[in-house]
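Just follow the structure's listing: the first ligand is 1, and inside any ligand the first atom is 1.
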Amino acid sequence: MGLDGIDLDTVPRHVACVMDGNGRWAQRRGLPRTDGHAAGEEALFDTVKGALELGIEWLTVYAFSTENWKRPVDEVRYLVGFNESILVRRCDELDDLGVRIRFSGRRDWRVPKRLTRRMDASADQTRRNRALTLTIAFNYGGRAEIVDAVRAVVAEGVRPDKIDEKAIRRHLYDAEMPDPDLMVRTSGEHRISNFLLWQLAYSELVFTDVLWPDFRREHLQDAVREYQRRERRFGGVDRR
Ligand code: IPE
Ligand code: IPE
Ligand code: MG
């Protein structure tokens, strides 16, 4: 089917993706959960290429939540190392594709310096690229992001009656990031799990049973088709 049936003039500008189901994918094959995370790399790169083909400008992927530290230490250690290793091995490839890499999330004591250094280097290397902005949400929590934004507003000395949505928006982790038009979650779970709470206020939500390691650009295209069948109203009335 390819891009058939997709109107390239109205593709979502920003797609957010909850990459879920790696553990179940592995379990079904009798493999350790970490093999599922490893298999997710191919899904991520195919999705990036699919986003580039469609002309999607922003792609934000949930790689590790503020709650994922609760997982067994071995899995956490694997995920931290895996995220670093993807940047080491594949940053040049993303750079060649014109991808601008950014990160979103809390930089607290739990995130090793080695990883933050690698994040900064990848963001710096790719900062001039404009084909697609790929934001990797790592140690990201939507509630934490809102708390951090409010703290920053208060630290600026803004009077309580002057605190408005714009002031908070300005202090989110990436002030330039537009709100997602479409959020896709894999693995059949129908929840947000603390992802982009502020930004998803009016996003279209699409859920698929496909497990993340099996996700490919065709599934992204399906989600975009579904998005284009929706009618966004933003609280108003349809005036078509
Ligand atoms: C998503 O897959 C990856 C991360 C949360 C890091 P899971 O590891 O949550 O896989 P399931 O949901 O247990 O199958
Ligand atoms: C959300 O998935 C976080 C990421 C994909 C990184 P989880 O697997 O952690 O979410 P829950 O626990 O099912 O809500
Ligand atoms: Mg999960």
Side-chain angles (χ1 to χ4, degrees), residues 14-48 51 58-87 89-90 101-108 110-112 114-116 118-119 122 134-148 172-174 177 180 182-200 203 205-216 219-220 223:
H14 182 185
V15 176
C17 205
V18 180
M19 309 185 287
D20 196 19
N22 299 351
R24 279 163 282 169
W25 184 92
Q27 266 154 9
R28 281 176 201 177
R29 287 165 175 74
L31 300 168
R33 292 177 54 82
T34 47
D35 283 15
H37 300 313
E41 179 173 337
E42 186 58 33
L44 175 63
F45 277 76
D46 205 61
T47 302
V48 165
W58 293 75
L59 176 68
T60 300
V61 295
Y62 207 2
F64 194 90
S65 76
T66 47
E67 287 71 40
N68 286 148
W69 300 107
K70 289 187 219 162
R71 295 187 177 204
V73 279
D74 285 352
E75 184 173 349
V76 168
R77 196 175 305 126
Y78 180 88
L79 284 167
V80 168
F82 180 58
N83 275 276
E84 186 193 338
S85 119
I86 287 187
L87 296 175
R89 289 181 287 106
R90 305 198 69 173
I101 307 172
R102 287 191 175 178
F103 297 89
S104 186
R106 247 190 202 164
R107 295 262 176 121
D108 59 25
R110 295 177 294 191
V111 186
R114 272 173 63 128
L115 177 57
T116 55
R118 183 57 63 179
M119 286 171 167
S122 309
L134 172 67
T135 304
I136 300 174
F138 189 92
N139 193 22
Y140 176 87
R143 290 180 175 176
E145 180 178 35
I146 294 170
V147 169
D148 289 349
L172 295 176
Y173 294 142
D174 186 345
M177 178 196 278
L182 167 64
M183 189 215 69
V184 183
R185 183 172 185 148
T186 56
S187 87
E189 306 296 352
H190 297 185
R191 54 178 173 261
I192 305 291
S193 300
N194 205 13
F195 194 35
L196 302 173
L197 291 183
W198 181 281
Q199 298 89 334
L200 290 175
S203 307
L205 310 180
V206 170
F207 300 96
T208 167
D209 289 337
V210 174
L211 302 175
W212 178 253
D214 293 326
F215 195 85
R216 292 293 178 272
H219 301 107
L220 175 69

message: Would R29 pass as a cation-pi partner of W25, given that its NZ or CZ must be under 6.0 Å from the six-membered ring centre and within 45 degrees of the axis?
response: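 Pair R29/W25 counts as cation-pi.
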message: Ring-plane angle category for F64 and F138, please: parallel below 30°, perpendicular beyond 60°, tilted otherwise.
response: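 The rings of F64 and F138 lie parallel, inter-plane angle below 30°.
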Restricting to non-hydrogen atoms, name the atom on [X] and the atom on [Y] that form the minimum distance, rounded to 0.1 Å.
{"X": "Y78", "Y": "H37", "result": "CE2-CB, 3.8 Å"}
{"X": "P112", "Y": "R110", "result": "CD-O, 3.3 Å"}
{"X": "R71", "Y": "V76", "result": "O-CG2, 3.6 Å"}

- prompt: Is the CZ atom of R143 crowded by more than 12 outside heavy atoms at less than 6.0 Å?
  reply: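 Count not over threshold, so no.
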message: Can you confirm whether R114 is buried at CZ, in the sense that more than 12 heavy atoms of other residues, nucleotides or ligands lie under 6.0 Å from that atom?
response: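 12 or below, so no.
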- prompt: So is Q27 in contact with ligand 1, going by heavy-atom distances below 4.0 Å?
  reply: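 No, Q27 has no heavy atoms under 4.0 Å from ligand 1.
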query: Which N, O or S atoms belonging to the protein are less than 2.8 Å from the Mg ion (ligand 3)?
result: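 Listed by chain and number, the nearby protein N, O or S atoms are D20 OD1.
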Contact residues of ligand 2 (heavy atom under 4.0 Å), by chain and number: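 These residues qualify: V18, M19, D20, Y62, A63, F64, N68, R71, R185, R191, S193.
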query: Taking it one step at a time, do W69 and N139 satisfy side chain to side chain donor-acceptor pair (under 3.5 Å)?
result: CA-CA 8 Å; W69 300 107; N139 193 22; 2.8 Å; yes
Test side-chain contact (heavy atoms from CB on, under 4.5 Å) applied to A26 - qualifying residues, sequence neighbours left out: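 Residues passing side-chain contact (heavy atoms from CB on, under 4.5 Å) with A26: L31.
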- prompt: Sequence neighbours excluded, which residues qualify as side-chain contact (heavy atoms from CB on, under 4.5 Å) partners of S187?
  reply: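 Partners of S187 under the side-chain contact (heavy atoms from CB on, under 4.5 Å) test: D20, R24, E189, L211.
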